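Below is one structure, written out as structure tokens, with a few remarks after it.
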There are 2 protein chains.
Amino acid sequence: MASSVSPLRPAIVRTDPKPSPPREPLWRHALGECLRGLRHERGEKLSETARRAGVSPQYLSEMERGVKEPSSEMIAAVAGALDVTLVDLTLAVAESLRSAQSSASRGATCSAVYALAA
Amino acid sequence: MASSVSPLRPAIVRTDPKPSPPREPLWRHALGECLRGLRHERGEKLSETARRAGVSPQYLSEMERGVKEPSSEMIAAVAGALDVTLVDLTLAVAESLRSAQSSASRGATCSAVYALAA
DNA sequence: GGCCGGATCCGCGCAGAGCGGAACCGTCCC
DNA sequence: GGGACGGTTCCGCTCTGCGCGGATCCGGCC
């Protein structure tokens, strides 16, 4: 299907340029796990948190599974719906990443880390 | 210019849905400041770090200024070029956010925070 | 004046953000 | 068995904005 010629520029290939040390999870995955953990900690459903955040449940599901790159505004919205600040959320993600790193067996979940921080 | 009718769906308005507590910086801004701080700490130029990360200097500039939402792969690539892991980067962003929050006068810069963590 | 390097501006092609409808699954009740 | 319901994920779509190359701006040096 590459019949269309005359490219004003080559196709932009959004692939991994040069990721840092392999085996490290990507930001969207780490973030998503944290968001899901926090939501479960509150005993909430996808639809509830999504409604309060002003996003679709489908999209929140995708965010949590790390299959989409949420914008900073989206991150802030969901954080607000979960009653956490970006500071606490980012810290929770970092600690979760660290735990997963120091123990190759996934370590503490995000929700547990946040509970310890609180 | 809204002459085209028959909308299969309404226009997607990518605006702030419901951000968490106002006055909190957005993720992309906090991240960008950290990346620039780390780069300066190494005494590097935009072009050097960008080349090593496999991204354009223009884009790295935009990332650092928080005007673009970099993908997780991009974040990983630049982190790798700066010799930091996602863990350390995320932690540095969190601490930077926290410092800025506890002192409304911008507090410690990201690079200083990272130096303390190292 | 010129040249150079560092950073930013500008406009662009097309990848993917974010969404609504549909589908899947598990649980409950008859 | 059947159906109804709720929770989550799949799927396809529109159109926004990612990431880039060329151009521009700025400061320093000769």
Side-chain angles (χ1 to χ4, degrees), chain A residues 1-19 26-29 31-33 35-37 39-40 42-78 81, chain B residues 1-19 26-29 31-33 35-40 42-79 81:
Chain A
M1 292 298 170
S3 56
S4 178
V5 201
S6 74
L8 296 181
R9 65 170 50 180
I12 297 174
V13 184
R14 285 183 180 165
T15 56
D16 317 24
K18 280 194 179 179
L26 291 170
W27 159 252
R28 63 177 180 269
H29 286 126
L31 173 67
E33 284 189 20
L35 292 176
R36 179 160 285 186
R39 178 169 63 82
H40 284 165
R42 295 166 60 97
E44 281 199 345
K45 317 269 169 38
L46 254 176
S47 50
E48 294 176 315
T49 306
R51 196 193 59 249
R52 274 211 319 288
V55 307
S56 73
Q58 303 92 307
Y59 193 66
L60 181 56
S61 170
E62 288 172 320
M63 277 173 73
E64 292 187 348
R65 285 176 286 123
V67 296
K68 291 293 173 79
E69 298 277 358
S71 65
S72 300
E73 284 83 3
M74 282 293 186
I75 294 172
V78 176
Chain B
M1 293 299 170
S3 57
S4 179
V5 202
S6 73
L8 295 179
R9 66 170 47 178
I12 298 175
V13 185
R14 284 181 181 168
T15 56
D16 318 21
K18 281 195 180 180
L26 291 169
W27 159 251
R28 63 179 179 267
H29 286 128
L31 172 68
E33 284 188 19
L35 292 177
R36 179 161 285 187
L38 290 170
R39 179 169 62 84
H40 284 166
R42 294 167 60 98
E44 282 199 345
K45 316 266 168 42
L46 254 176
S47 51
E48 294 176 314
T49 307
R51 195 192 60 248
R52 272 213 318 291
V55 307
S56 72
Q58 303 93 305
Y59 193 67
L60 181 55
S61 171
E62 288 172 320
M63 276 172 74
E64 292 187 349
R65 286 178 284 123
V67 297
K68 291 293 171 81
E69 298 279 357
S71 65
S72 298
E73 283 85 2
M74 281 295 188
I75 294 171
V78 176

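All values below come from the heavy atoms of this structure, side chains included, with hydrogens, waters and symmetry mates left out. Each chain gets a letter, A, B and so on, in the order the sequences are listed, and its residues count up from 1. Keep in mind the model is a prediction, meaning the values are calculated, not measured.
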Legend entry - Closest non-hydrogen atom pair, A:Tyr59 against A:Glu69: OH-O, 3.8 Å

Legend entry - Heavy-atom pair of closest approach, residues B:Ser61 and B:Arg36: O-NH2, 4.0 Å

Legend entry - Distance in angstrom units between A:Glu73 CD and C:dA17 P, rounded: 14 Å

Legend entry - Minimum-distance nucleotide (side-chain atoms of A:Val55 versus C:dT8, D:dC20, C:dC19): C:dC19

Inset, instruction - Please state whether the phosphate of D:dC10, meaning OP1 or OP2, lies under 4.0 angstrom from any side-chain nitrogen or oxygen of A:Arg65. - result: yes

Legend entry - Minimum-distance nucleotide (side-chain atoms of A:Ser47 versus D:dG7, D:dC20, D:dT9): D:dG7

Legend entry - Nucleotide D:dG17, atom P - distance to CD of B:Glu62 in whole Å: 14 Å

Inset, instruction - To the nearest Å, give me how far apart CD (A:Glu48) and P (D:dT8) are. - result: 9 Å

Inset, instruction - Specify the separation, in whole Å, of atom CZ of B:Arg28 and atom P of C:dA17. - result: 14 Å

Inset, instruction - Could you state the atom-to-atom distance from CD of B:Glu44 to C1' of C:dG5 in whole Å? - result: 16 Å

Inset, instruction - Return no unless some side-chain N or O of A:Ser61 is found under 4.0 Å from OP1 or OP2 of D:dT9. - result: yes

Legend entry - Any B:Arg39 side-chain N or O less than 4.0 Å from OP1/OP2 of C:dG6: no

Legend entry - Of B:Lys68 and B:Arg36, the one whose closest DNA chain C nucleotide lies more 5': B:Arg36

Inset, instruction - Round to the nearest Å and state the distance from B:Met63 atom CE to D:dC18 atom C1'. - result: 11 Å

Legend entry - B:Thr49 and B:Glu44 side chains, donor-acceptor separation under 3.5 Å: yes

Inset, instruction - Compare every heavy atom of B:Leu60 with every heavy atom of B:Ala50, then report the nearest pair and how far apart it is. - result: N-CD2, 3.7 Å

Inset, instruction - Look at B:Arg51 and C:dG6 and indicate whether a side-chain polar atom (N or O) is within less than 4.0 Å of OP1 or OP2. - result: no

Legend entry - Between C1' of D:dC11 and OH of A:Tyr59, the distance in whole Å: 16 Å

Inset, instruction - Please tell me which of the listed nucleotides, D:dT8, D:dG19, C:dG18, lies nearest to the side chain of B:Met74? - result: D:dG19

Legend entry - CE on A:Met63 to CD on A:Glu33, rounded to 0.5 Å: 14.0 Å

Legend entry - Residue A:Lys45, side-chain atoms from C-beta onward, closest of D:dG7, C:dA7, C:dT8: D:dG7

Legend entry - Residue A:Ser71, side-chain atoms from C-beta onward, closest of D:dT8, D:dG19, C:dG18: C:dG18

Legend entry - First of B:Gln58 and A:Leu60 reached from the 5' end of DNA chain C, by closest nucleotide: B:Gln58

Legend entry - Distance, rounded to the nearest Å, where B:Leu46 contributes CG and D:dC20 contributes C1': 15 Å

Inset, instruction - Tell me which nucleotide among D:dC18, D:dT8, C:dA7 gets nearest to the side chain of B:Glu69. - result: D:dC18

